Amino acid sequence: MPIRPAATRPIQEDPDGLTGKTSEDSHVLLAHIMSEHDTNLYGSIHGGVVMKLMDDAAAAAAGRHADGPAVTVSVNRMTFLAPVKAGDLLTVRARLARAGRTSMDVDVRVTAERWNSAGPVTEVSTAHLTFVAVDAEGKPRVVPPLL
């Protein structure tokens, strides 16, 4: 009996001739130690600082999938679940959830833990953002399908 090669993920092309990618291909992991410079009047990290990190990671994931620049079109959902404190190690994970013809939806999950001790990891925020891939003139361009 002949030996058959191991099964591999089939390469799929869409009608535009682009090779599809998986959500793992676009996965981004961003980590940042939060400082006192990031706090609000209540002593916790300002929500806008967390939002920027989420948008940065999501944009990187969209850009990886699109093989080039992608711009934020909308923040469809953003939830703050727990406060972040100065000294926390914030970890932002972003990955593609959907790809259309030129647009991409990205899911983001944020966790926090004390940077200098082994302790519990707390989920502090989640979001769902939409991006559009753009060309050099800022016009939408086609993205690979999501496998």
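Throughout, residue positions are numbered sequentially from 1 according to the sequence presented. If you're wondering where the values come from, they're calculated on a predicted model, not measured in any experiment.
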Original post:
Is atom NE2 of His27 surrounded by more than 12 heavy atoms (other residues, nucleotides or ligands) closer than 6.0 Å?
Top reply: yes
Original post:
What distance separates His32 NE2 from Leu89 CG, expressed to the nearest 0.5 Å?
Top reply: 9.5 Å
Original post:
Do the side chains of Val73 and Phe131 join up, straight or via other hydrophobic residues, at under 4.5 Å, putting them in one cluster?
Top reply: no
**OP:** First locate atom CD1 of Ile45, then atom OG of Ser35, and finally report the distance between them rounded to the nearest 0.5 Å.
**Re:** 6.5 Å
**OP:** With Asp105 as reference, evaluate Thr130, Leu96, Leu146 under the side chain to side chain contact (heavy atoms under 4.5 Å, CB included) test and give the passing residue.
**Re:** Thr130
Subject >> Met104 backbone acceptor or donor facing Arg98 side chain under 3.5 Å >> reply: no
Original post:
Are Leu30 and Met78 in one and the same hydrophobic cluster, where Ile, Leu, Val, Met, Phe, Trp and Tyr link if side-chain heavy atoms are under 4.5 Å apart?
Top reply: yes
Original post:
Is a side-chain donor or acceptor of Arg141 paired with a backbone partner of Ala66 at a separation under 3.5 angstrom?
Top reply: yes
**OP:** Indicate whether the side chain of Arg77 and that of Thr126 have a donor and an acceptor atom separated by less than 3.5 Å.
**Re:** yes
**OP:** Find the distance between CG (Asp38) and NZ (Lys85) and round it off to the nearest 0.5 Å.
**Re:** 13.5 Å
Subject >> Between CD on residue Glu24 and OG1 on residue Thr22, distance to nearest 0.5 Å >> reply: 6.0 Å
Original post:
Got a second to check how far Met51's CE is from Leu129's CG, nearest 0.5 Å?
Top reply: 9.0 Å
**OP:** Determine, using the 4.5 Å side-chain heavy-atom cutoff (strictly less than), whether Phe80 and Leu90 are members of one ILVMFWY cluster.
**Re:** yes
**OP:** For Glu36, enumerate each residue passing the side-chain contact (heavy atoms from CB on, under 4.5 Å) test, keeping only those at least two apart in sequence or located in another chain.
**Re:** Ala86
Original post:
Donor-acceptor pair, Ser125 side chain versus Thr79 backbone, under 3.5 Å?
Top reply: yes
**OP:** Using atom types as modelled and distance alone, determine if a side-chain donor or acceptor of Thr122 lies under 3.5 Å from a backbone N or O of Val124.
**Re:** no
